[in-house]
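Notes follow the structure.
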Amino acid sequence: RERLVILMLFVVTLISSLVHLYSIEYMRTDPNQIKFLQYLTLFTLSMCILVTANNFIQMFIGWEGVGVCSYLLINFWDTRLQANTSAMKAIIINRIGDINLIMAFVLIYEQFLSFDYKLIFIFGNYLDINFFILLLLFFGAVGKSAQIFLHVWLPDAMEGPTPVSALIHAATMVTAGIFLIIKCSTLYDLSPVMQKIILIFGGLTALFAGSVGICQNDLKKIIAYSTCSQLGFMTAICGLAQYEVALFHLAMHAFFKALLFLSAGSIIHALVTEEQDIRRMGGLIFFMPVSYISILIGSLALMGFPFTAGFYSKDLILEHLFVSTCPISLFGLICCILASICTTIYSVRLIYFVFFTTSNISQRVLSNVHESNFIILLPLIVLNLFSIFGGLIFKPIFIENFDWLIEELPVLCVDTCLLYTSPSPRD
């Protein structure tokens, strides 16, 4: 359990720090910049409360916190009618999942007389746990992680500023549902039927969202549907009880998805009209080379191109689905393979329309297009490195030897500090 908390906090705080730095410049001309940064900080705090909780009630406080903050941030430009509508849709659909979660808490207290994780997970092995507890907990996760049937709020959440999209999709709100499933893995392992349901939901979500992403023309909505599809991958592998692999893909996805959104924000920020329709772009490779490289690396990682971060995690998911003896796993494998093909199609389409096709931007706008400044590019550079080398570096930590992170790494850091701070013999 401590392993899950440490790794989630690492992902949340790293992505949040980069998004905060990016937002300083991105929102510089907005008169409500300070309020925006306060909302971002509260968003991150709520996610940290959710992750570090040791009982369901404290977790629910963080759970509702990220929901409220998402409403405030999606509706940040509250003079836009579409932003108002999207924020209301997000919070109402999430209430559907939250109602299921509250009903699950009622059943948990009825059976265990406690909300404490440790007590519930220990006694869950000895009691015949109510199937509806597992089902309602999962439906709560479905709402928060935008799985099929409750996914419609996620693409419309693009009405907020782009840093909000990066934080929601990469490290906070949508990952909360996957975190809940992994956290309750001890209970889900007791119900093979529930695991099959999770696998089916994940496979359908991955394929459905990937196929819809091909038809989108809005730059941010294409990336949003890719998030929905990748969450389906994580859910599907949870259905095979491979929770370490799901957590690994969650972390790798956070790196390249934050990169894609922040790169998209860099492009939108550079266009005076803030155009988001990829059919009205084109030829930007000559004007924004760093943003192009960032979109390219993020898309390659999203597609699972060999030796990128996404390759290591997506390949593990497909491997486990392929070798599993569960009869439903073949359905999940077919859905995930088709979803991967869809991912490649809409990623290549996005790159072609934005950077390579004949420019459809007016000369007046094109004459003012330029690469973003260093404060915006610095988070992109950091995320580029994580998207390329993250899988190679973190696979041993997430999958093979986590003890190295919590036992040997602190000792190594202390020894290094002592080496450089201790006086030399001549002194």
Side-chain angles (χ1 to χ4, degrees), residues 15 18-19 22 26 158 162-163 165-166 169-170 210 213-214 216-227 229-230 249 251-271 275-315 339-361 366 369-374 376-393:
I15 300 300
L18 295 174
V19 170
Y22 181 96
Y26 190 88
M158 300 301 97
T162 303
S165 304
H169 286 249
I214 297 175
Q216 299 299 310
N217 296 309
D218 186 290
L219 176 60
K220 288 169 66 176
K221 282 192 176 182
I222 293 173
I223 305 173
Y225 275 107
S226 77
T227 299
S229 182
Q230 297 307 306
H249 190 53
M252 298 304 103
H253 173 261
F255 297 146
F256 58 74
K257 190 50 56 71
L259 175 63
L260 284 170
F261 268 115
L262 296 184
S263 302
S266 175
I267 295 167
I268 295 166
H269 191 63
L271 299 174
E275 182 61 64
Q276 294 183 199
D277 192 327
I278 60 174
R279 297 170 298 180
R280 298 178 183 175
M281 299 182 187
L284 293 179
I285 186 173
F286 303 109
F287 300 92
M288 308 185 71
V290 178
S291 297
Y292 163 68
I293 292 171
S294 299
I295 287 273
L296 177 63
I297 292 173
S299 297
L300 289 174
L302 176 64
M303 290 185 279
F305 190 81
F307 309 114
T308 59
F311 167 74
Y312 288 94
S313 56
K314 287 182 74 173
D315 187 59
S340 297
I341 295 171
C342 293
T343 301
T344 303
I345 293 172
Y346 62 66
S347 297
V348 172
R349 178 174 175 266
L350 184 153
I351 293 172
Y352 174 74
F353 272 95
V354 174
F355 295 104
F356 290 104
T357 189
T358 304
S359 178
N360 292 313
I361 306 172
L366 199 61
V369 172
H370 57 85
E371 189 62 89
S372 303
N373 66 25
F374 183 71
I376 284 181
L377 295 182
L378 180 59
L380 300 186
I381 294 169
V382 174
L383 290 168
N384 272 313
L385 295 175
F386 277 107
S387 297
I388 297 172
F389 303 110
L392 183 64
I393 295 171

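Side-chain atoms are counted along with the backbone in the values below, which use heavy atoms only and exclude waters and symmetry mates. Numbers here simply count residues along the sequence, with the first being 1.
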Which heavy atom of [X] sits nearest to which heavy atom of [Y], and what is that distance?
X	Y	result
I361	L271	CD1-CD2, 4.0 Å
M281	T357	O-CG2, 4.3 Å
Y225	G213	CB-CA, 3.9 Å
I293	N384	O-OD1, 4.2 Å
Y22	G265	OH-C, 3.2 Å
K220	D218	N-OD1, 2.9 Å

Fill in: Stepwise side chain to side chain contact (heavy atoms under 4.5 Å, CB included) test for I222 and R349
CA-CA 10 Å; I222 293 173; R349 178 174 175 266; 4.1 Å; yes

Taking C-beta and beyond as the side chain, do [X] and [Y] meet within less than 4.5 Å on heavy atoms?
X	Y	value
T343	Q230	yes
Y292	F287	no
L302	S226	yes
L383	I15	yes
Q216	Y346	no

What distance separates [X] [atom1] from [Y] [atom2], expressed to the nearest 0.5 Å?
X	Y	atom1	atom2	value
S291	L296	OG	CG	12.0 Å
F353	N217	CZ	CG	7.5 Å
S294	I267	OG	CD1	9.0 Å
L377	S266	CG	OG	6.0 Å
L380	F374	CG	CZ	10.5 Å
I351	L300	CD1	CG	6.5 Å

Fill in: Backbone N/O of I223 and side chain of T227: donor-acceptor pair under 3.5 Å
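Yes; judged by distance alone, with no hydrogens or angles, the pair exists.
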
Practice prompt. Indicate the ring-plane relationship of F261 and H169, choosing parallel, tilted or perpendicular according to the 30° and 60° boundaries.
Written response: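 Ring orientation of F261 relative to H169: tilted.
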
Discussion item. Using 30° and 60° as the class boundaries, would you call the ring planes of H249 and H253 parallel, tilted or perpendicular?
Written reply: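 The rings of H249 and H253 sit tilted, inter-plane angle from 30° to 60°.
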
Discussion item. Determine whether L219 and I268 satisfy the following criterion, side chain to side chain contact (heavy atoms under 4.5 Å, CB included), listing intermediate values before the conclusion.
Written reply: CA-CA 9 Å; L219 176 60; I268 295 166; 4.3 Å; yes

Discussion item. Is it the case that over 12 heavy atoms from other parts of the model lie below 6.0 angstrom from the CZ atom of F307?
Written reply: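 Result for CZ/F307: open.
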
Item to complete: Starting from the C-alpha separation in whole Å, work towards a yes-or-no answer on side chain to side chain contact (heavy atoms under 4.5 Å, CB included) for T308 and S387.
Response: CA-CA 6 Å; T308 59; S387 297; over 6 Å; no

